[in-house]
Student: 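Mind having a look at this structure? Questions to follow.
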Amino acid sequence: MNNLSARPLGDTGIKVSPIGLGTVKFGRDKGLKYPNRFNLPFDSAIVALFEEAKTLGINFIDTAPAYGTSEERIGKLLPNRQDWIIGTKVGEEFGANGSHFDFSGNHTRKSIERSLRRLRTNYLDLVLIHSNGDDIEILEKTDCLETLMRMKEKGLIRAVGMSTKTAAGGKRALTLSDVAMVTYNSSHTDEGTVIDLAHHTGKAVIVKKALHSGHLAKQSGGNELALEFVLSRAGVSSVIVGTINPIHLRSNALAAARSQAEDLTNPAPG
Ligand code: NAP
C-alpha cells in the first residue's frame, strides 16, 4: 500500500511525505513524557519499521543528537540513504544529568560534523535548531543560524530552520530560515498562527506532537482524528509522528492518506 503523495517542504525544493517518522524512542528512554513505559527497540525492529515506512510511502525521518543513540542507529540501519529525507537538529544535548543547550557557532559546526558521521552521510536534508524556549534570542543573539546558513552554502545541508516553542519564535524562524517545526494538536493550538504564516508565504511548517506525545491516541477517535485535525490545516507540510510500533505506523499512514483523499474531494475555494 502506498497512498501517500509527497508534498513540497515549503520553497526548499525538497518533497516530504505528509507524515514522517519520529525517532526519539529509537535511542532514548529517559526524561520523556509518554503515557506508557517502553524498551528501546532491537535493531531488527528498527529495520522492519523502515521497511514498513518505505512500503507506506513515508520518506521523512526526524532525529536529533538529544535523542540518545537515535542518529547512530539510523546511520547503521537505514538502507538506501538517498531515498530518504533526514532531518536532525543542533543545540540540545541530552546526558546523564538531563538536557543542556549550546547555540554557539563552534558547537553548531562540531554538532553537524558529528551528525554527518553518526548518520553515515555526506549531506543532511534538514537541520533544525533545537530550541530551549528562548526562540527569538537564539535566532537573533547567537551565531547558530548563521553557522547553519554557511554550512548550507557549502552543500552540507539542504534546508535549515528551528524547532520552536513559541508562536513568535515560529514566525521569526519562518522569516529568517526555511522551516519551522511547531507543536500543534487539539490541546495546543497557540502555534496555529505560524502554520497560517507558512501557508501565506510559501514557507514550510512541520508539526511535532500531533498526538500530544501519545495521550490523544488514547482518546475516542484516537490517532485518526488527531492527525486529521492537523493535516486539514493548510500550511502543514508534514507531521512527525513518533512510533516504534509498525501497526501504529500503518494506522497513522492510513489516517494521513484518508485526510489527503478528503482534501482532493473537497478542494479549497477559489
Ligand atoms: P507524538 O508523535 O504526539 O506521540 C508519540 C507517541 O504516540 C508514542 O509514544 C507512540 O507510541 C504513540 N503513538 C503513535 N502512533 C500511535 C497510534 N497509532 N496509536 C497509539 N499510539 C500511538 O509525540 P512525540 O513522540 O513527543 O513527538 C513526535 C516526534 O517529534 C518525536 O519522535 C521527535 O522526532 C519529534 N519531536 C521533536 C521535538 C522538538 O523539540 N523538535 C520535541 C518532541 C518531539 P508507540 O511507539 O507505541 O506507537
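For ligands, and for the atoms within them, numbers begin at 1 and follow the listed sequence.
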Student: Identify the protein heavy atom lying closest to atom 17 (C) of ligand 1, giving its residue, its atom name and the separation to 0.1 Å.
Tutor: H248 CG, 3.4 Å
Student: What protein heavy atom sits nearest atom 35 (C) of ligand 1, and how far away is it?
Tutor: D62 OD2, 3.4 Å
Student: Measure the distance from atom 25 (O) of ligand 1 to every protein heavy atom, then report the residue, atom name and distance (to 0.1 Å) of the closest one.
Tutor: Y34 OH, 2.6 Å
Student: For ligand 1, does T243 get within less than 4.0 Å through its side chain, its backbone, both, or neither, judged by non-hydrogen atoms?
Tutor: both
Student: Counting from 1, what ligand 1 atoms have a heavy atom of I240 closer than 4.0 Å?
Tutor: 2 (O), 28 (C), 29 (C), 30 (O), 34 (O)
Student: Select one of side chain, backbone, both or neither to describe which atoms of A210 lie under 4.0 Å from any atom of ligand 1, heavy atoms only.
Tutor: backbone
Student: Give the atoms of ligand 1, by number and element, whose distance to some non-hydrogen atom of T23 is under 4.0 Å.
Tutor: 32 (O), 34 (O)
Student: In terms of residue, atom name and distance, what is the protein heavy atom nearest to atom 18 (N) of ligand 1?
Tutor: N252 OD1, 2.9 Å
Student: Does the side chain of L197 come within less than 4.5 Å of K203's, by heavy atoms?
Tutor: no
Student: Would you mind running through ligand 1 and noting each atom that sits below 4.0 Å from a heavy atom of H212?
Tutor: 3 (O)
Student: Using distance alone, determine whether I244 and ligand 1 share an N or O pair under 3.5 Å.
Tutor: yes
Student: What protein heavy atom sits nearest atom 13 (N) of ligand 1, and how far off is it?
Tutor: L211 CD1, 3.8 Å
Student: Check whether any side-chain heavy atom of K89 sits under 4.5 Å from a side-chain heavy atom of Y67, and report yes or no.
Tutor: yes
Student: When you measure from the heavy atoms of K165 to every atom of ligand 1, does any distance fall below 4.0 Å?
Tutor: no
Student: Only heavy atoms of S163, strictly under 4.0 Å: list the atoms of ligand 1 that pass.
Tutor: 39 (C), 40 (O), 41 (N)
Student: Does NZ or CZ of K25 lie under 6.0 Å from the centre of the six-membered ring of F38, at an angle within 45° of the ring axis?
Tutor: yes
Student: Given A255, G242, G214, S213, which one has a non-hydrogen atom that is nearest to atom 14 (C) of ligand 1?
Tutor: G242
Student: Taking 4.0 Å as the limit for heavy-atom contacts, which would you say applies to Y67 with ligand 1: side chain only, backbone only, both, or neither?
Tutor: side chain
Student: For side chain to side chain contact (heavy atoms under 4.5 Å, CB included), just list the numbers for F103 and T108, CA-CA rounded to whole Å, side-chain angles, deciding distance to a tenth of an Å, and then say yes or no.
Tutor: CA-CA 6 Å; F103 301 105; T108 301; 5.6 Å; no
Student: Less than 4.5 Å apart, side chain to side chain, heavy atoms only: is that true for C144 and M162?
Tutor: no
Student: By number and element, which atoms of ligand 1 are closer than 4.0 Å to a non-hydrogen atom of V24?
Tutor: 31 (C), 32 (O), 33 (C)
Student: Should F60 and V127 be counted in the same cluster of Ile, Leu, Val, Met, Phe, Trp and Tyr side chains packed under 4.5 Å apart?
Tutor: no
Student: Does E191 come within less than 4.0 Å of K165, counting only side-chain N to carboxylate O?
Tutor: no
Student: Give the numbers and elements of all ligand 1 atoms closer than 4.0 Å to a heavy atom of N223.
Tutor: 18 (N)
Student: Counting only heavy atoms, tell me which of H130, E92, K25 gets closest to atom 46 (O) of ligand 1.
Tutor: K25
Student: Quick check on contacts: which atoms of ligand 1 are under 4.0 angstrom from a heavy atom of M181?
Tutor: 41 (N)
Student: Numbering the atoms of ligand 1 from 1, which are under 4.0 Å from a heavy atom of K208?
Tutor: 30 (O), 37 (C), 38 (C), 39 (C), 40 (O), 41 (N), 42 (C)
Student: In the single-linkage hydrophobic clustering (I, L, V, M, F, W, Y; side-chain heavy atoms under 4.5 Å), do I46 and L119 co-cluster?
Tutor: yes
Student: Of all heavy-atom pairs between R233 and G192, which one has the smallest distance, and what is that distance?
Tutor: NH2-O, 3.2 Å
Student: Does the side chain of I244 reach to within under 4.5 Å of the side chain of T23, using non-hydrogen atoms?
Tutor: no
Student: Are the side chains of F26 and L21 in contact, using a 4.5 Å heavy-atom criterion?
Tutor: yes
Student: For R158, which of L126, I85, L124 qualifies under side chain to side chain contact (heavy atoms under 4.5 Å, CB included)?
Tutor: I85
Student: For atom 27 (O) of ligand 1, what's the nearest protein heavy-atom neighbour? Residue, atom name and distance, please.
Tutor: K209 N, 3.9 Å
Student: Are M181 and V24 in one and the same hydrophobic cluster, where Ile, Leu, Val, Met, Phe, Trp and Tyr link if side-chain heavy atoms are under 4.5 Å apart?
Tutor: no
